[in-house]
**Student:** 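Let me begin by handing over the structure; questions about it come next.
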Number of protein chains: 4
Amino acid sequence: MQSPACARPPRRSAGKQAAILAAAAELAGRHGYAAVSIEAVAAKAGVAKQTIYRWWPTKPALFVDVYTGLIDRAALTGAGPDAGTRLTGLLRELFRLYRTTPAARVLAGLIGAAAADPAARAAVRSGLVLGRADIVAVAVAPAGRGLGDPDPDTVTGVAVALVWQQAILDPDGFTDARAGTIAAQALAAGACPTDPGSP
Amino acid sequence: MQSPACARPPRRSAGKQAAILAAAAELAGRHGYAAVSIEAVAAKAGVAKQTIYRWWPTKPALFVDVYTGLIDRAALTGAGPDAGTRLTGLLRELFRLYRTTPAARVLAGLIGAAAADPAARAAVRSGLVLGRADIVAVAVAPAGRGLGDPDPDTVTGVAVALVWQQAILDPDGFTDARAGTIAAQALAAGACPTDPGSP
Amino acid sequence: MQSPACARPPRRSAGKQAAILAAAAELAGRHGYAAVSIEAVAAKAGVAKQTIYRWWPTKPALFVDVYTGLIDRAALTGAGPDAGTRLTGLLRELFRLYRTTPAARVLAGLIGAAAADPAARAAVRSGLVLGRADIVAVAVAPAGRGLGDPDPDTVTGVAVALVWQQAILDPDGFTDARAGTIAAQALAAGACPTDPGSP
Amino acid sequence: MQSPACARPPRRSAGKQAAILAAAAELAGRHGYAAVSIEAVAAKAGVAKQTIYRWWPTKPALFVDVYTGLIDRAALTGAGPDAGTRLTGLLRELFRLYRTTPAARVLAGLIGAAAADPAARAAVRSGLVLGRADIVAVAVAPAGRGLGDPDPDTVTGVAVALVWQQAILDPDGFTDARAGTIAAQALAAGACPTDPGSP
DNA sequence: TCGTAATCGAGACGGTACGTCCCGTCTTTTC
DNA sequence: GAAAAGACGGGACGTACCGTCTCGATTACGA
């Protein structure tokens, strides 16, 4: 998941990377993504600034790893009999992480960075959990797609858009109720054929 | 936006204000929101930096006015016989502005700033056209709401989220086709009752 | 004493000039010359900034008038039987004004301004009481000059230099003792013929 | 002056420091202390502004080092058989530096800054050559003090005051003749006992 | 076992932008 | 028609980070 760009495994990267990621996560949780400087992360991690830049080319790249580190370790399963239940469950698990970790603030910051910087845009595009459709898609359509089944891509797209907007406008509003609302709206959007006119 | 209802109106020079907004719009269109400094705007507008800071407290506040200036002057009507047609038309008109003006890049930058800075968040929240639900709502439900009519708030929320995501990830992708897709998905999301269970 | 530069007497200058000078003196006493802005003086005097600039071309020019206003109104007499007594008395009277009015801080500020700005230099040169030799000279040599009498110009020059240095380095150190010391040193310097070698 | 005795010496680049001081001296010589901005010094030295602020907290602190750099490197000896000759020689050497380097203008600027700003005051107090009595004192009383010998502190004080006044009022008037006059007056002032009464 | 080379801490550095302050001039409005 | 109110151009300030860079000191590996 990390992007060390080193061909050979780095000699002495043992706990440093973890310390850096932990320091970055903690500072982001406390002060917000934008208010965290690389220098502060380095100081808190007990590491030289250059050590961070050795492994991550930019600040957003570092925080993409922070984000995935916070999210990946939780198994987002989203079990349930039907797509609605599964998606709602998935979002609830995700939102619980957003409430208990700095992930939501990191996500918001990364979206902001993506808006500003094309390089960050690419990192966000490919690096964020909900940016990768697979997790949502698995939740939505594990059993093959019937005729009336929602389109997984549309569901994913709408859900991600709503989550992002939530992260930007109100990073503290990731409640269970919101999970249900987003799941319902995403599924509804996906259920409707893209070409308008049908029931 | 910036005109405090003082007893004596502020003597801000109308020409200067216009020059500042025009310069900001042009630079944002050319280099992107993030790459535009207040000093550059001042230089291009032929104005002292302090003159900008006198009227707008921060860069996002300035660009909220830039954005609304670019969008407001177009009458976004969205005429048509049914909600789908009207919303699609509205978005097409909006997207045409996004293609012909720097508005999309400004929007993306503002979203990014909102993610970073609470003050910008507030400005964005209240200042952006699509942040004000009324325009979309009017397009969606001008004739009162029937039983099967979509919920205007939901439609607005989903449409705005999708537009924002588009602006962040691909500010050049505001095509007519995308307008249709977003309209359809937003309407579908709004048509489905929020409490899950019904068809 | 003021330098209005208006040929005709200004129409409505009644108490405004006094208010301006009083405000400037008070602010200089409270915050020091450098920390006083013309805007602050105008605000405290209940006057528009332009009104100050109408009568005084620059900030130092204003404060030269402030200084002379504070000093002139006191009759610096320096009575006594001999030059030493007279000069000591004169300096004691002056130093009492320095202790009871903002004059010392204004003087220090003006010297600083003179060091920076040629225009201020000229104003200081001609405007300050001790810059004009007459007062000191009168104290030193009112009865004509005998053979061993001190040279008034030298006495004045040394005394002024020592007062200035005191104002710059320690504006609160204008004590009676210091007056005596300065008087003695100035007289001694003046008593000695300029060409070295004589007793 | 700026070299804290850390265990590991600060890695300040000797070349940068020299370039900064040289640029500051040159600009002060050309335009005068007050007209020199830190930005201009940085630009002329080919250095980032922050690099200056890293080592000198304020503009006066920088120019104290500029001044001492201009003066210190000259051995101000003031040799001669008697105090008068030595002091005159010392001042002539100093004044020659004032004529051939920007030191006089820097000195005048620093005095002005000291008048305005307590921090500058402290820097000037301890940093200037003639502010340190030792050089003058050595010139005046190297051979112990006889009964009629001038008081070194008084001589120093009067000489410094006269030099400062000269710097402020006429930085270009540091002639050999003026050196003789100042030396004579300072010695005469010092020769007279401070308590008045003696011949 | 010991060189050798990488890794790392420390932090200086060029650069860019920030937002503030005040000067002295100009413009508008009020009395 | 003078004054208040205050906008304005201009320019410097001192701060904050960015991402790059140069140092030695460590330290693990390969000879």
Side-chain angles (χ1 to χ4, degrees), chain A residues 6 8 10-14 16 34-43 45-59 61 117, chain B residues 6 8-17 34-43 45-59, chain C residues 6 10-14 16 34-43 45-54 56-61 117, chain D residues 6 8-13 15-17 34-43 45-59:
Chain A
C6 309
R8 278 190 298 170
R11 280 253 192 106
R12 186 115 48 94
S13 60
K16 304 278 166 171
V36 177
S37 70
I38 294 283
E39 299 226 39
V41 174
V47 141
K49 187 161 55 153
Q50 187 57 37
T51 302
I52 298 179
Y53 279 108
R54 203 180 333 270
W55 290 326
W56 294 276
T58 62
K59 181 175 159 182
D117 171 17
Chain B
C6 305
R8 204 176 311 178
R11 260 89 51 78
R12 71 194 298 178
S13 153
K16 309 271 173 190
Q17 182 181 0
V36 177
S37 71
I38 294 283
E39 296 220 50
V41 174
V47 142
K49 183 163 55 154
Q50 188 58 36
T51 300
I52 298 180
Y53 279 110
R54 200 182 336 272
W55 300 115
W56 294 278
T58 62
K59 183 175 158 182
Chain C
C6 309
R11 278 252 194 108
R12 187 116 49 99
S13 59
K16 303 279 166 172
V36 177
S37 69
I38 293 285
E39 298 225 39
V41 173
V47 142
K49 186 160 56 153
Q50 188 56 38
T51 302
I52 297 180
Y53 279 108
R54 201 181 332 273
W56 294 277
T58 62
K59 181 175 159 182
D117 171 17
Chain D
C6 304
R8 204 176 311 178
R11 260 88 53 78
R12 72 193 301 179
S13 154
K16 309 272 174 190
Q17 182 182 0
V36 177
S37 71
I38 294 282
E39 297 221 47
V41 174
V47 141
K49 182 164 55 156
Q50 188 58 36
T51 299
I52 298 181
Y53 279 110
R54 202 186 331 276
W55 301 114
W56 292 278
T58 62
K59 182 175 158 183

**Student:** Which residue is it: C/D117, C/I38, C/I52? I am looking for the one with a side chain to side chain contact (heavy atoms under 4.5 Å, CB included) to C/K59.
**Tutor:** C/I38

**Student:** Please state how far atom NZ in D/K16 lies from atom P in F/dC21, giving the value in whole angstrom units.
**Tutor:** 13 Å

**Student:** D/A40: what forms a side-chain contact (heavy atoms from CB on, under 4.5 Å) with it, not counting sequence neighbours?
**Tutor:** D/L27, D/S37

**Student:** With A/T58, which residues qualify under side-chain contact (heavy atoms from CB on, under 4.5 Å), at least two apart?
**Tutor:** A/P60, A/A61

**Student:** Under 4.0 Å: is that the gap between some side-chain N or O of D/W55 and OP1 or OP2 of E/dC13?
**Tutor:** yes

**Student:** Name the residue closer to the 5' end of DNA chain E, choosing between B/A40 and D/A48 according to the nucleotide with the nearest heavy atom.
**Tutor:** D/A48

**Student:** Taking protein heavy atoms under 4.0 Å as touching, what does nucleotides 19-24 of chain E look like 5' to 3' if B marks base contact, S marks sugar-phosphate-only contact and - marks none?
**Tutor:** BBBSSB

**Student:** With sequence neighbours excluded, tell me which residues meet salt bridge (charged side-chain N to carboxylate O under 4.0 Å, His left out) with D/K49.
**Tutor:** D/E39

**Student:** How would you list, by chain and number, every residue that makes a side-chain contact (heavy atoms from CB on, under 4.5 Å) with A/A34, sequence neighbours excluded?
**Tutor:** B/A116

**Student:** Look at the side-chain N and O atoms of B/T51 and state whether any lies under 4.0 Å from the OP1 or OP2 oxygen of F/dG9.
**Tutor:** yes

**Student:** For a quick test of reading the model, state the closest non-hydrogen atom pair linking A/A48 to A/A42 and the distance between them.
**Tutor:** C-CB, 4.0 Å

**Student:** Between F/dG6 atom P and C/I52 atom CD1, what is the distance in whole Å?
**Tutor:** 15 Å

**Student:** Can you check the A/R54 CZ to E/dA6 C1' distance for me, whole Å?
**Tutor:** 9 Å

